[in-house]
Protein chains: 2
Amino acid sequence: MSFEPPARDQIDLSAVLHALSDPQRRGIVAELAASDTPRPCGSFAPEITKSTRTHHFRVLREAGLVEQWKEGTSKMSRLRRDDIDARFPGLLDSVLSSEAFAQV
Amino acid sequence: MSFEPPARDQIDLSAVLHALSDPQRRGIVAELAASDTPRPCGSFAPEITKSTRTHHFRVLREAGLVEQWKEGTSKMSRLRRDDIDARFPGLLDSVLSSEAFAQV
DNA sequence: CACAAAGTTCGATGATCGTCGTATCATGTG
DNA sequence: CACATGATACGACGATCATCGAACTTTGTG
């Protein structure tokens, strides 16, 4: 049972908000948004286990936030910013800048 | 153990996103955002049970999205739009308009 | 081929979630 | 006071969640 990542029109708002409600995942998304160059999964969130990381990337992928492909032994990730922005205009930006803005 | 609703500076992004990730709660927030006149809890989401409704309002209140006060036998609710907008500029608007925009 | 590096899969665990029904409380009204 | 109304409290239920470790797969390199 493999998960087709959702097409642009199928991206679900609840799934996106749920995916973004976890700080760890939000951190990954923020890092992905900060630079366009794809990075291997392992270079994110070094403080958590590999399996937990796999889990978080799966949630992001199933929500439609992230696209992944293999490259050698590692797996690259890219933020589907175009799709998200097209489907939910302004949402991603406001979430990311909210994080940056609301530092206590 | 009663919940102090969070002050503006204590409103947590994860809690807000989690609260908004539930369609039922997002519906309540959307209705609250649509009209300024406070309404009793019972006038929302008539398809779910009273206790479930109470639960959802508690999540919204603890996340800082909603303020409530008693008025006679009923309990009124008000969206804390000013606080949310001040803390996370653009977030609430983009979530609400995302819902309206992305009708499949 | 042997080995290392990067991810995935597969339980498992403890926590939280959404929903419900029933009992209870508070407030207003006859 | 008796009763109705609106909401909360208290389990309880199955489902999902975030996290982990151990085993496994895939890919590249000596």
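First the proteins, then the strands, lettered A, B, ... as listed; each starts at 1.
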The salt bridge (Lys or Arg N to Asp or Glu O under 4.0 Å) partners of R39(B) (sequence neighbours excluded) come to E31(B)

Side chain to side chain donor-acceptor pair (under 3.5 Å) involving D85(A) - partner list, sequence neighbours excluded: none

Does OP1 or OP2 of [N] have a side-chain N or O of [X] closer than 4.0 Å?
X	N	value
R25(B)	dG18(C)	yes
Q24(B)	dT19(C)	yes
R53(A)	dT8(C)	no

Quick check: on DNA chain C, is the nucleotide nearest S74(A) upstream (toward 5') of the one nearest S21(B), or the reverse? Name the residue that is more 5'. S74(A)

Under 4.0 Å protein heavy-atom contacts per nucleotide of nucleotides 11-16 of chain D, with B for base, S for backbone only and - for none: ------

What does nucleotides 21-26 of chain C look like as a protein-contact string, B for base, S for sugar-phosphate only, - for none, at under 4.0 angstrom between heavy atoms? B----S

I'd like to know if the side chain of T52(A) reaches the main chain of I48(A), judged simply by a donor and an acceptor atom lying under 3.5 Å from each other, with no hydrogens or angles considered. no

What pairs of residues pass the salt bridge (charged side-chain N to carboxylate O under 4.0 Å, His left out) test when at least one of them lies in residues 15-30 of chain B, not counting sequence neighbours? R26(B)-E99(B)

Strictly by salt bridge (charged side-chain N to carboxylate O under 4.0 Å, His left out), give each pair with a member in residues 63-76 of chain B just once, sequence neighbours left out. E67(B)-R78(B)

Rounded interatomic separation in angstrom, taking [atom1] from [X] and [atom2] from [N]:
X	N	atom1	atom2	answer
H55(A)	dA12(C)	NE2	P	18 Å
I48(A)	dC20(D)	CD1	C1'	11 Å
E62(A)	dA18(D)	CD	P	12 Å
M76(B)	dT8(D)	CE	P	13 Å
W69(A)	dA6(C)	CH2	P	17 Å
R61(B)	dT8(D)	CZ	P	6 Å
K75(B)	dA9(D)	NZ	C1'	12 Å
R58(B)	dC10(D)	CZ	C1'	11 Å

Assign H56(A) to base, sugar-phosphate, or nothing according to its heavy-atom contacts below 4.0 angstrom with the strands shown. sugar-phosphate

Base, sugar-phosphate, or nothing: which does T54(A) touch, judged by heavy atoms less than 4.0 Å apart? base

By side chain to side chain contact (heavy atoms under 4.5 Å, CB included), which residues pair with [X], not counting sequence neighbours?
X	value
R8(A)	D82(A), D83(A), A86(A)
D12(B)	S14(B), A15(B)
S51(A)	T49(A)
S74(A)	P40(A)

Is there side-chain contact between R80(B) and P5(B), with heavy atoms separated by less than 4.5 Å? yes

Expected list for residues 38-45 of chain B near DNA chain D, using heavy atoms below 4.0 Å, is P40(B), C41(B), G42(B)

Between the axis at one end of the helix from dC1(C)-dG30(D) to dG30(C)-dC1(D) and the axis at the other (five pairs apiece), what's the angle to 10 degrees? 10°

When rounded to the nearest 0.5 Å, the distance separating OG of S97(B) from CZ of F88(A) is 10.5 Å

Distance, nearest 0.5 Å, that separates CZ of R53(A) from SG of C41(A): 8.0 Å

One pair to check against side chain to side chain contact (heavy atoms under 4.5 Å, CB included): L92(B) and L79(B). What are the steps and the verdict? CA-CA 11 Å; L92(B) 192 53; L79(B) 190 60; 3.9 Å; yes

Take G72(A) and D22(A), find for each the nucleotide of DNA chain D with the closest heavy atom, and name the residue whose nucleotide sits nearer the 5' end. D22(A)

Can a donor-acceptor pair be found between the side chains of S94(B) and S94(A) at a distance below 3.5 Å? yes

Working note: L65(B) + R81(B), criterion side chain to side chain contact (heavy atoms under 4.5 Å, CB included); need CA distance, chi angles, decisive distance, verdict. CA-CA 7 Å; L65(B) 280 163; R81(B) 183 182 264 287; over 6 Å; no

